[in-house]
Participant: 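The structure under discussion is supplied below as structure tokens; questions concerning it will follow.
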Amino acid sequence: MIDLRYIDEFRDKELIHKLIRDIRRFSGREYNFMEVCGGHTMAIHKYGIPSLLPENINLLSGPGCPVCVTDKNFIDRAIAYSRMKEVIITSYGDLLRVPGSYSSLEKEKAEGRDIRTVYSLLEALKIAKENPASQVVFLGIGFETTAPATAVGILEAQKHNISNFQVLSAHKVMPPAMNAIVEEGVRLDGYICPGHVSTITGKSIYEHIPEKYGLACVIAGFEPTDILQTILMLLKQIEEKRPTVEIQYKRAVKAEGNTKAQDYLDEVFTSRADYWRGLGKIMNSGLAIREEYRDFDAEYTIPVDVTSIQDDTACICGEILKGLKNPVDCKLFNTTCTPVNPVGACMVSSEGACQAYYKYKRNEVN
Ligand code: SF4
């Protein structure tokens, strides 16, 4: 297998043709591979990968978009904070448009609440320093990729005594959700494992998957050749009956991951059960701030009671996140629900499956 390292190789026509020929060799049975990274979902549809594959190979989108899996109760809680006096909410942009039970942060901002989009956690810290009379709440979402930065922010706040900086954590870890999907009975043959998450974690977090469930696992990059090569590697693992964890994305992922970032994660966070939009409560899938750092934990320092309502029943985001349905199976897709007027989180996020279908496939289905 070629070790893809140079830009010329990423979209090399000859190499793509060869990979497709090799993949087409695997006929005779159906294969279901799930990607659990929003970046992969976008890349797969942007480059039209499904149209290059034989019909017996299905790519399913899983719960890899951090905005999509953020529970409604988290949004409701953030909205409740935003309505308090002397509270400034800081958040990455996509989250503002995610519908809560009755409102969204975007609507609240339009009503005059102090809600600010930031591009890094350091900006949120700066806002806290500049506004000592306010509590600055940073909305921490995302997987093992973004959680270390939040951990560093909390350590910085402690070091510099920025006591008005708080984090509301919805950070999550990926493996328990991957287990939950298999245990729910979704028929999979392998996982296209997330590239960015794996730069932090390395490969060990997936090793139980081939052992326990017999599924092939390959950590993939984001270019067309990366994805096709990953599919071929998965097929070969199955053909040779040797399910394991392999790294295709070698130019970015080391087997041991980023141990420094892992140390920051372990220092500040501990695992807890958490709610995933569409998947429900999953044990040990969330990251709570450790007791030692409670002064920076909004859940502890600014208690608030919120009651959330269930998702709109017409929105099938939950089934899409489990790989059971496609966005085009939703009757609201591209009618009531569009990126301008999203009904569910999968249409809000630039990494959501519904938005990927809307961007790259809606003309094929309407
Ligand atoms: Fe939900 Fe909209 Fe996707 Fe339908 S198209 S599943 S309503 S986000």
Side-chain angles (χ1 to χ4, degrees), residues 36-39 63-67 69-71 74 77-78 81 88-95 116-129 135-177 194-206 252-254 256-276 282-302 351:
V36 281
C37 170
C65 155
V67 170
V69 299
T70 298
D71 187 51
F74 178 85
R77 192 174 283 265
Y81 286 155
I88 300 171
I89 301 291
T90 56
S91 168
Y92 298 131
D94 267 1
L95 201 59
R116 306 185 192 184
T117 302
V118 292
Y119 295 96
S120 79
L121 188 131
L122 292 179
E123 269 185 72
L125 277 174
K126 189 165 171 270
I127 292 169
K129 271 196 225 165
Q135 291 296 321
V136 174
V137 178
F138 175 74
L139 306 182
I141 66 156
F143 305 114
E144 292 93 332
T145 332
T146 50
T150 304
V152 170
I154 289 173
L155 292 170
E156 281 293 297
Q158 188 188 54
K159 186 171 157 191
H160 298 289
N161 216 8
I162 310 172
S163 57
N164 63 328
F165 174 77
Q166 310 289 322
V167 171
L168 181 63
S169 174
H171 283 299
K172 294 177 171 47
V173 290
M174 193 50 92
H196 297 138
V197 162
S198 307
T199 58
I200 304 294
T201 63
K203 64 189 274 203
S204 64
I205 63 160
Y206 312 110
V253 176
K254 288 192 265 175
E256 71 279 15
N258 180 337
T259 52
K260 185 96 182 153
Q262 290 164 22
D263 289 345
Y264 285 130
L265 255 184
D266 290 344
E267 170 64 30
V268 173
F269 290 108
T270 182
S271 85
R272 67 172 168 193
D274 203 359
Y275 288 90
W276 295 55
I282 303 178
M283 297 309 290
N284 301 318
S285 68
L287 292 174
I289 296 168
R290 286 188 189 277
E291 237 178 273
E292 299 91 291
Y293 299 99
R294 261 193 174 171
D295 291 348
F296 304 97
D297 184 353
E299 273 180 57
Y300 180 74
T301 56
I302 321 175
E351 294 191 344

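Along the sequence shown, the residues carry numbers beginning at 1. Heavy atoms only: backbone and side chains are in, while hydrogens, waters and symmetry mates are out.
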Participant: Please state whether the rings of F165 and F138 are parallel, tilted or perpendicular, taking 30° and 60° as the class boundaries.
Facilitator: parallel
Participant: Closest approach of A124 and V118, non-hydrogen atoms and distance?
Facilitator: N-CG1, 4.1 Å
Participant: Could you give the distance from CD (E144) to CD1 (I200), rounded to the nearest 0.5 Å?
Facilitator: 9.0 Å
Participant: Hey, what do you get for CG (L122) to CD1 (I127), rounding to the nearest 0.5 Å?
Facilitator: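 Nearest 0.5 Å value for the CG-CD1 distance: 11.0 Å.
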Participant: More than 12 heavy atoms of other residues, nucleotides or ligands under 6.0 Å from OH of Y275: yes or no?
Facilitator: no
Participant: Please report the shortest heavy-atom distance between A157 and L125, naming the atom on each side.
Facilitator: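 Closest approach of A157 to L125, heavy atoms only: CB-CD2, 3.9 Å.
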Participant: Which heavy-atom pair separates Y264 from P148 by the least distance, and what is that distance?
Facilitator: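 What the structure gives for the nearest pair is CB-O, 4.4 Å.
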Participant: Do side-chain atoms of T146 reach the backbone of I141 as a donor and acceptor pair under 3.5 angstrom?
Facilitator: yes
Participant: Step by step, would you call H196 with F143 a side-chain contact (heavy atoms from CB on, under 4.5 Å)?
Facilitator: CA-CA 9 Å; H196 297 138; F143 305 114; over 6 Å; no
Participant: With no hydrogens and no angle check, is any side-chain donor or acceptor of Y81 less than 3.5 Å from a backbone partner on I302?
Facilitator: yes
Participant: Compare all side-chain heavy atoms of F74 with those of L95 and state whether any distance is below 4.5 angstrom.
Facilitator: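 With C-beta onward as the side chain, the pair touches.
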Participant: What distance separates I289 CD1 from R272 CZ, expressed to the nearest 0.5 Å?
Facilitator: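 Going from the CD1 atom of I289 to the CZ atom of R272 covers 8.0 Å.
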Participant: Supply the atom-to-atom distance T145 OG1 to M174 CE, rounded to the nearest 0.5 angstrom.
Facilitator: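 Answer rounded to 0.5 Å: 7.5 Å.
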Participant: Given 3.5 Å as the limit, does a donor-acceptor pair link the side chain of R290 with the main chain of D266, or not?
Facilitator: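 Confirmed, R290 side chain pairs with D266 backbone.
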Participant: Does the side-chain contact (heavy atoms from CB on, under 4.5 Å) test come out yes or no for R294 and E291, once each step is laid out?
Facilitator: CA-CA 5 Å; R294 261 193 174 171; E291 237 178 273; 3.6 Å; yes
Participant: Should E351 and V67 be marked as a side-chain contact (heavy atoms from CB on, under 4.5 Å) after you check the CA-CA gap, both sets of side-chain angles, and the distance that decides it?
Facilitator: CA-CA 8 Å; E351 294 191 344; V67 170; over 6 Å; no
Participant: I'd like to know if the side chain of N164 and the backbone of V136 have a donor-acceptor N/O pair within less than 3.5 Å.
Facilitator: no
Participant: Would you find a donor on one side and an acceptor on the other, under 3.5 Å apart, between the side chain of Q262 and the backbone of E256?
Facilitator: yes
Participant: Output the distance between atom OG1 (T270) and atom CG (N284), rounded to the nearest 0.5 Å.
Facilitator: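 One gets 9.0 Å once the value is rounded to the nearest 0.5 Å.
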Participant: On a heavy-atom basis, which atom in T70 and which in A170 lie closest, and how many Å separate them?
Facilitator: CG2-CB, 4.4 Å
Participant: Between L121 and G153, which heavy-atom pair has the shortest distance, and what is it?
Facilitator: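 Closest heavy-atom pair between L121 and G153: CD2-CA, 3.0 Å.
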Participant: Is there a donor-acceptor pair closer than 3.5 Å between any side-chain N or O of Q166 and the backbone N or O of D295?
Facilitator: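 Yes, the answer is positive, given that a donor and an acceptor are paired below the 3.5 Å cut-off.
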Participant: Side-chain contact test, heavy atoms from C-beta onward, threshold under 4.5 Å: evaluate it for T199 versus N258 and give yes or no.
Facilitator: no
Participant: Evaluate side-chain contact (heavy atoms from CB on, under 4.5 Å) for V197 paired with Y206, printing each intermediate quantity in order.
Facilitator: CA-CA 11 Å; V197 162; Y206 312 110; 3.8 Å; yes
Participant: Do V152 and E156 have side-chain heavy atoms sitting under 4.5 Å apart?
Facilitator: yes
Participant: How long is the span from the CG atom in L265 to the OG1 atom in T150, to the nearest 0.5 Å?
Facilitator: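 So the gap between those two atoms works out to 9.0 Å.
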Participant: Determine whether V167 and F296 make a side-chain contact, defined as any pair of heavy atoms from C-beta on separated by less than 4.5 Å.
Facilitator: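 No - every pair of side-chain heavy atoms lies 4.5 Å or more apart.
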Participant: Show the nearest heavy-atom pair for residues P66 and G142, with the distance to one decimal.
Facilitator: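 Reported closest heavy-atom pair: CB-CA, 3.6 Å.
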Participant: If only atom types and distance count, is the side chain of T90 paired as donor or acceptor with the main-chain N or O of V137 below 3.5 Å?
Facilitator: yes
